[in-house]
Amino acid sequence: MIEYVNQLGAAAPRSGALPAGRAVSVWSLDTTLDVVGGHPVADALPLLDGAERTRAGKLLRVGDRHRYLASHLGLRLLLGGFLGLAPERVELTREDCPCCGEPHGRPAVVGGAAHFSLSHSGDLAYLAFARVPVGVDVEAVPGPDAVADVLTSLHPDESAELRALSDADRPAALARLWSRKEAYLKGTGTGLALGLADPYVGSAPDPAPVTGWTLSDLPAPAGYAAALAVRDA
């Protein structure tokens, strides 16, 4: 497990250089903040690209829009710091989907100078940056109904593990499992296109090994679980 997650708050971040090798810089952000990295969230739109502005404009709830703007402002500030660019100069694109070949795969920096991943749940966002493909995910611990809904969609061994737990322990175990699986799927760029059964990541305290990737749990506040996936080569 990565023992330290950087906190992005109201002050300008000191991101430094992009980590070398397969090392990853992980950050968390309270997306209810009115100022992120020294920039008011209310003034974030000019720093975003057209696709981000379009997405923000489709969010009708004020809170949802604010959380989206805060997380993408944070993303651009950190990427700009790593790349030596102003946040509005960071060019983002989508890689081709590994399942169908269409351009809706992993979000990426044009030119591939850095790899990144962004996840948000509730009022919390996690961001990861590396020189190799990476995926990060944060999940709020679900309620009992959500656990019941997803059980049959998981790997059979994962479903069996969760069913063997007490009602009290099952939600936290699912959040742990789900964050691992989502981190891997974000890292590969497949998303949910192929379903949730594979790969097997397990719900035990330590993630199960996954070929070609290293999974690790991340520190997270009470009521959340978070995980990181880093490609091995």
Side-chain angles (χ1 to χ4, degrees), residues 2 4-31 33-56 66-98 103-120 124-138 182-189 191 213-214 216 218 226-233:
I2 289 180
Y4 183 74
V5 173
N6 300 283
Q7 306 294 314
L8 177 58
R14 296 181 180 180
S15 53
L18 194 67
R22 295 179 60 254
V24 183
S25 180
V26 181
W27 296 71
S28 68
L29 168 66
D30 177 353
T31 56
L33 291 175
D34 291 325
V35 177
V36 172
H39 293 260
V41 175
D43 299 334
L45 281 177
L47 304 182
L48 307 186
D49 63 21
E52 291 169 309
R53 290 194 293 270
T54 297
R55 174 60 179 156
H66 184 96
R67 286 186 286 269
Y68 178 88
L69 291 173
S71 61
H72 281 255
L73 173 60
L75 172 67
R76 285 184 164 273
L77 288 169
L78 290 168
L79 273 174
F82 287 125
L83 300 174
L85 297 171
E88 66 273 18
R89 298 295 299 274
V90 176
E91 293 185 65
L92 302 180
T93 187
R94 286 273 187 174
E95 295 179 349
D96 291 343
C97 172
H104 54 235
R106 284 192 324 139
V109 175
V110 172
H115 294 270
F116 71 90
S117 183
L118 165 64
S119 175
H120 53 82
L124 189 62
Y126 270 52
L127 307 97
F129 306 89
R131 296 181 185 272
V132 296
V134 62
V136 73
D137 192 64
V138 60
E182 282 273 15
Y184 169 82
L185 295 174
K186 288 177 179 179
T188 61
W213 291 77
T214 299
S216 58
L218 296 172
L228 180 72
V230 185
R231 199 172 75 182
D232 289 342

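Values below: all heavy atoms of this structure, side chains included; hydrogens, waters and symmetry mates excluded.
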Asker: For the residue pair Ala130 and Ala23, what are the closest heavy atoms and their distance?
Answerer: CB-O, 3.6 Å
Asker: List the steps, then state whether side chain to side chain contact (heavy atoms under 4.5 Å, CB included) holds for Ser119 with Lys186.
Answerer: CA-CA 9 Å; Ser119 175; Lys186 288 177 179 179; 3.1 Å; yes
Asker: Considering all heavy atoms of both residues, which atom of Leu33 and which atom of Val41 are nearest to each other, and what is their separation?
Answerer: O-CG2, 3.4 Å
Asker: With Val26 as reference, evaluate Val134, Val5, Leu127 under the side chain to side chain contact (heavy atoms under 4.5 Å, CB included) test and give the passing residue.
Answerer: Val5
Asker: Give a yes or no on whether the backbone of Pro19 and the side-chain of Arg131 come within a donor-acceptor separation of less than 3.5 Å.
Answerer: yes
Asker: If every non-hydrogen atom of Ala114 is compared with every non-hydrogen atom of Leu18, which pair is closest and at what distance?
Answerer: CB-CD2, 3.8 Å
Asker: Considering non-hydrogen atoms only, spot the tightest contact between Leu48 and Leu73 and give its length.
Answerer: CD2-N, 4.4 Å
Asker: On a heavy-atom basis, which atom in Val90 and which in Arg76 lie closest, and how many Å separate them?
Answerer: O-NH1, 2.8 Å
Asker: For the atom pair CZ (Phe129) and OG (Ser15), what is the distance rounded to the nearest 0.5 Å?
Answerer: 8.5 Å
Asker: Quick check for you: to the nearest 0.5 Å, what is the distance between Asp137 atom CG and Ser117 atom OG?
Answerer: 8.0 Å
Asker: Would you say the side chain of Asp30 lies within less than 4.5 Å of the side chain of Gln7, judging by non-hydrogen atoms?
Answerer: no
Asker: Find the distance between CG (Leu69) and CG (Asp43) and round it off to the nearest 0.5 Å.
Answerer: 10.5 Å
Asker: Given Glu91 and Asp49, is the side chain to side chain contact (heavy atoms under 4.5 Å, CB included) satisfied, shown in steps?
Answerer: CA-CA 8 Å; Glu91 293 185 65; Asp49 63 21; over 6 Å; no
Asker: Does atom CZ of Arg89 have more than 12 heavy-atom neighbours, drawn from other residues, nucleotides or ligands, at distances under 6.0 Å?
Answerer: no
Asker: Which value, rounded to the nearest 0.5 Å, describes the distance between Leu118 atom CG and Tyr68 atom OH?
Answerer: 8.5 Å
Asker: Here's a test for you: under side chain to side chain contact (heavy atoms under 4.5 Å, CB included), which of Tyr126, Phe116, Trp27 qualifies with Val136?
Answerer: Tyr126
Asker: Which heavy atom of Arg106 sits nearest a heavy atom of Gly189, and at what distance?
Answerer: CG-CA, 3.3 Å
Asker: Please round to the nearest 0.5 Å and tell me the distance separating atom CZ of Arg231 and atom NE2 of His115.
Answerer: 7.0 Å
Asker: Please state whether the rings of Tyr184 and Trp213 are parallel, tilted or perpendicular, taking 30° and 60° as the class boundaries.
Answerer: perpendicular
Asker: Is there a side-chain contact between Asp34 and His66, using heavy atoms and a 4.5 Å cut-off?
Answerer: yes
Asker: Could you give the distance from CD (Glu52) to CG (Leu92), rounded to the nearest 0.5 Å?
Answerer: 5.5 Å
